[in-house]
4 protein chains.
Amino acid sequence: MRKPGSNGAQTLRNLRIAAIQLLSEHGYQAMNLRMLAGKVGVQAGSLYNYIESKQQLLFWLLQETTQKLLVEFDLTLNAIDDPEERLRQFVAFHLRYHIANRKQSSVLQTEMRSLTAKNYHAIAKLQRLYTDKVRGIIEHGARVGRFHVEDAEIATFAFLQMLTAIIRWYRPQGRLSLNQLVEIYTDLTFGMLRADDGAGTRRVALSEAPPRRRLRAITPAARRLPPADSDNDADLIAES
Amino acid sequence: MRKPGSNGAQTLRNLRIAAIQLLSEHGYQAMNLRMLAGKVGVQAGSLYNYIESKQQLLFWLLQETTQKLLVEFDLTLNAIDDPEERLRQFVAFHLRYHIANRKQSSVLQTEMRSLTAKNYHAIAKLQRLYTDKVRGIIEHGARVGRFHVEDAEIATFAFLQMLTAIIRWYRPQGRLSLNQLVEIYTDLTFGMLRADDGAGTRRVALSEAPPRRRLRAITPAARRLPPADSDNDADLIAES
Amino acid sequence: MRKPGSNGAQTLRNLRIAAIQLLSEHGYQAMNLRMLAGKVGVQAGSLYNYIESKQQLLFWLLQETTQKLLVEFDLTLNAIDDPEERLRQFVAFHLRYHIANRKQSSVLQTEMRSLTAKNYHAIAKLQRLYTDKVRGIIEHGARVGRFHVEDAEIATFAFLQMLTAIIRWYRPQGRLSLNQLVEIYTDLTFGMLRADDGAGTRRVALSEAPPRRRLRAITPAARRLPPADSDNDADLIAES
Amino acid sequence: MRKPGSNGAQTLRNLRIAAIQLLSEHGYQAMNLRMLAGKVGVQAGSLYNYIESKQQLLFWLLQETTQKLLVEFDLTLNAIDDPEERLRQFVAFHLRYHIANRKQSSVLQTEMRSLTAKNYHAIAKLQRLYTDKVRGIIEHGARVGRFHVEDAEIATFAFLQMLTAIIRWYRPQGRLSLNQLVEIYTDLTFGMLRADDGAGTRRVALSEAPPRRRLRAITPAARRLPPADSDNDADLIAES
DNA sequence: CATGAATGAGTTTTCATTCAT
DNA sequence: CATGAATGAAAACTCATTCAT
């Protein structure tokens, strides 16, 4: 039976949004298709007009999320050469992207374990591409003497995990604006990688209070980010 | 009927070890009690001689894990006053503890979402105690001018998440020794918090290659840690 | 919306052919209407322009198949009076018909169980007509002393089931031609019914090797059969 | 929960009997596990204490049935050398076995199509062994000049299918006793294979009414058959 | 204590069928 | 006529939990 006003494309969009919402909230195993169907506004069986299986739904979402991240990275950073500037822009990009797509990113972090082996490896491979790009930033800066790390690979892991963990606690309505957050993390990561933060020579002696650098104005990268994505997200399910 | 040689206390220990192993490998939802029973060497029904429910088992394990972490923190750090030394010892402690108790820590990080609301809040409250202790280290250092952070709360989150994420990738058999790992992370975090790392004044001018500090010898904290805990862990199930 | 070039009558023919194909391959329960629709080249919902229900489709096909068999029997055998000749022609007819309509016959044999009780009885009644005709051949031959069986009814069952089972193994591309097959079965059934096979007195003493009868030339019945029916059958679905 | 008086071994037996009953009546696809569970007297989920899956249940039953048939064949026929006697005993054995195990045999004939490819081939291989034994009987008799067939392979198929089809219509409560049935089929098959039926020279001239042979007394093979198997079978489910 | 047999509610998935467009 | 979106009932199977033995 066709419900009056039903529309496949819209239902598919609603399905995607509802799935991300539920996966981020409950996890793959705890989300059942009845919940999902309820949120989408159809019967559970109707979901199979759009997905092949629950597993394939998860795979699809994770793949899409990872691919989009890769594309956005390139759009944002490919044109920048200067190591510090690349680092600065990357920190801003990564934070803003993850906050704008908080639920998707959260699902990506926590639900990979629920993929079948084959699907897992496919996503892991995509994610490696991203990690490699980030390591490239750090290694390049280290090679030309602008960052100073003992082990670039480990620094990459530590750095990336620190940034990505942002979605565990940051809430846009909290006391910190997104710009402030970016500034603080830029400071932390520049220190971590012993990078010049653009405020010139710093801390002649550690025993005296160092002049805190002036925080730079909001980065241009911020403006290039696409509009906050579809997952932060009350009432996103369209009426049909 | 009772199996000859069965022993309640030993079975309980085996149950705990097997549960942590399975929870870290599969997650709460994907672990079923038949798997657990199989690993323990009893029938599923017999587990109920030791636990009230699957949920209560998870709660018990997470509570125990968190409490032990708190106790170890105090044993390791209460006697130290100097801010840099407290930071240094904390980094070493936290890394070593999480690596030694990798599976337990992993369960703690990933399975809290499977707790009922009431249980969740109980564990979250315990975890807050730990975070507060760590924030105390950073705030104290900042207050007395030894660390320089823009926002101590955020620095605490970033710092702690970076350290804790270690269990996502570090493997003791890998190319890095635990001591090396601790040194690298000490360097990263001291930079992040603009702390003196004990190598004197650093980087007078960022344009010249900075003298990398000499890595300090293995910290005493390492020796105080209890023997590697029960979760990394072949053949841990005792015969009964 | 109507596909250009679509044609109800042709679609109905395609539907019938596809249904027989799928029913013979998978059985009624395992064939689903999406498979059928796919083979016909329409959406599942469109099938309901041609059928009332899946059950009624099965009934329709079985009824048609049985009725056609009855008609062909009459066309082939009504004009023949001599008992041996009737038997001979019947064997040829039944084998050729079942081989030419292998899939339909197979569906008839195996899918009656999937009919509702009412539909089942309707088909069974038709089939009884056929069995009665065959029993007529045997009983008549026995009455006039040309066949010798202990129990005509049982002989009919045994005889008919033996012939019908041909579709379980005979493949036209195999080592036996259809003519050879008919000859062999004629021999077997004539022996079974102790009928004279047209080679005169046979086997005076069983201890000597009997002169095998000369196989008769291809029977006229073969030529009267309609062209091989629609079910053995690649590319039968017409373009529309 | 354990129901008072429940007993695994008895439940397994009941399950087997109920499954054969339902499979023969409805077929694999149309039998659902609720029906089966209902007949066994447990909840559907409880069946999985005894089976791995519905498919594996079918496989198990078919395998068991085929193996038992092979064993009984050997027990009944291995000691007999004379071709006519082997044939006679085989006819009696095959009919009696199939009637005694009517439902099992029926399931074997009709439900092989519901096996997965792998399972199908395993059973088909076992069944080939049986067919080969039967062909051996016919080929041997033909080689030594006691049977006269044009093509032993085809004769085997026709012969075996005719006998096996008995379960489609014979009912022990009907007008024919089992002994009578065996006699009739012995006569039919001896004729079919042009075998001496033990009544000496037969039918000197086909034009005169042949002296019908005297039916032999019930064969000893009948007595060797195990007691009628568990499938013909009202009220076979034991109370527990 | 431990087993093994069972429950019963839940899960994903399938599918004939309907009907607005 | 045909499509595509949906229903809703049923299927196989899972699993935490219970309890007589």
Side-chain angles (χ1 to χ4, degrees), chain A residues 1-12 29 31-37 41-55 240, chain B residues 1-4 6-8 11 29 31-37 41-55 57 240, chain C residues 1-4 6-8 11 29 31-37 41-55 57 240, chain D residues 1-12 29-37 41-55 57 240:
Chain A
M1 201 182 39
R2 182 163 185 167
K3 277 203 318 205
S6 68
N7 174 309
Q10 187 57 50
T11 300
L12 181 58
Q29 301 265 6
M31 175 195 83
N32 67 53
L33 294 182
R34 284 210 215 315
M35 292 170 54
L36 180 56
V42 298
Q43 295 294 313
S46 300
L47 297 176
Y48 286 83
N49 288 325
Y50 301 93
I51 65 175
E52 279 166 34
S53 67
K54 191 184 177 191
Q55 168 70 206
S240 63
Chain B
M1 204 177 29
R2 180 160 173 175
K3 280 208 311 206
S6 68
N7 174 310
T11 299
Q29 301 265 4
M31 177 196 80
N32 68 54
L33 293 184
R34 275 168 178 75
M35 290 169 56
L36 180 55
V42 298
Q43 295 294 315
S46 301
L47 296 177
Y48 287 82
N49 290 319
Y50 300 94
I51 65 176
E52 278 167 35
S53 68
K54 193 185 176 189
Q55 169 70 209
L57 167 64
S240 64
Chain C
M1 204 175 32
R2 178 160 175 180
K3 278 206 312 202
S6 66
N7 175 311
T11 300
Q29 301 266 2
M31 177 196 80
N32 69 54
L33 292 185
R34 275 167 179 72
M35 290 170 55
L36 179 56
V42 299
Q43 295 293 316
S46 301
L47 296 177
Y48 286 83
N49 291 317
Y50 300 94
I51 65 176
E52 276 166 37
S53 68
K54 193 185 177 189
Q55 169 68 208
L57 167 64
S240 62
Chain D
M1 202 179 42
R2 182 161 186 165
K3 277 203 317 206
S6 68
N7 174 309
Q10 187 57 50
T11 299
L12 181 59
Q29 301 266 4
M31 175 196 83
N32 68 53
L33 295 182
R34 285 212 214 313
M35 292 169 52
L36 180 55
V42 298
Q43 295 294 312
S46 300
L47 296 177
Y48 288 85
N49 289 325
Y50 301 93
I51 65 175
E52 279 167 34
S53 65
K54 191 185 174 189
Q55 168 70 207
L57 167 64
S240 65

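Each chain gets a letter, A, B and so on, in the order its sequence line appears, and its residues count up from 1.
For the pair Q43(B) and A37(B), the tightest heavy-atom approach, listed with the atom from each and the gap, is C-CB, 3.7 Å. In plain terms, the two heavy atoms of M35(D) and A30(D) that are nearest each other are SD-O, 3.7 Å.
Side-chain N/O atoms of T11(D) include none lying less than 4.0 angstrom from OP1 or OP2 on dA5(E). The side chain of Y50(B) places no N or O atom within less than 4.0 Å of a non-bridging phosphate oxygen (OP1 or OP2) of dC1(E).
Summarising the geometry, atom OG belonging to S46(A) is positioned 11.0 Å from atom CD1 belonging to I51(A); distances are rounded to the nearest 0.5 Å. How far CG of L57(D) is from CG of L33(D): 8.0 Å, rounded to the nearest 0.5 Å. In this structure, the separation between CD on Q29(A) and CE on M31(B) is 11.5 Å, given to the nearest 0.5 Å. If you take CG on L47(C) and CG on L36(C), they are separated by 5.0 Å, rounding to the nearest 0.5 Å.
Atom CD in Q43(A) sits roughly 5 Å away from atom P in dG8(F) (whole-Å rounding). Per the geometry, CD belonging to Q10(D) stands 14 Å off C1' belonging to dA5(E), to the nearest Å. Rounded to an integer number of Å, the gap from L36(B) CG to dA2(E) P is 13 Å. Between the C1' atom of dA16(F) and the CG atom of L57(B) lies a distance of 12 Å, rounded to the nearest Å. As a whole-Å value, the separation of M35(C) CE from dC15(E) C1' is 12 Å.
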Using atom names, set out every protein N or O paired with an N or O of nucleotides 13-15 of chain F below 3.5 Å, distance rounded to 0.1 Å.
residue, atom, partner, partner atom, Å
dC13(F), OP2, Y48(D), OH, 2.6
dC13(F), OP2, K54(D), N, 2.9
dC13(F), O5', Y48(D), OH, 3.0
dC15(F), OP2, N32(B), ND2, 3.3

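Judged by distance alone, with hydrogens and angles left aside, N49(D) brings no side-chain donor or acceptor close enough to the base of dA5(E) to form a pair under 3.5 Å.
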Dot-bracket summary - DNA chain E, pairs being Watson-Crick or G-U whose distances fall under 3.5 Å, with | when paired to another strand: .||||||||||||||||||||
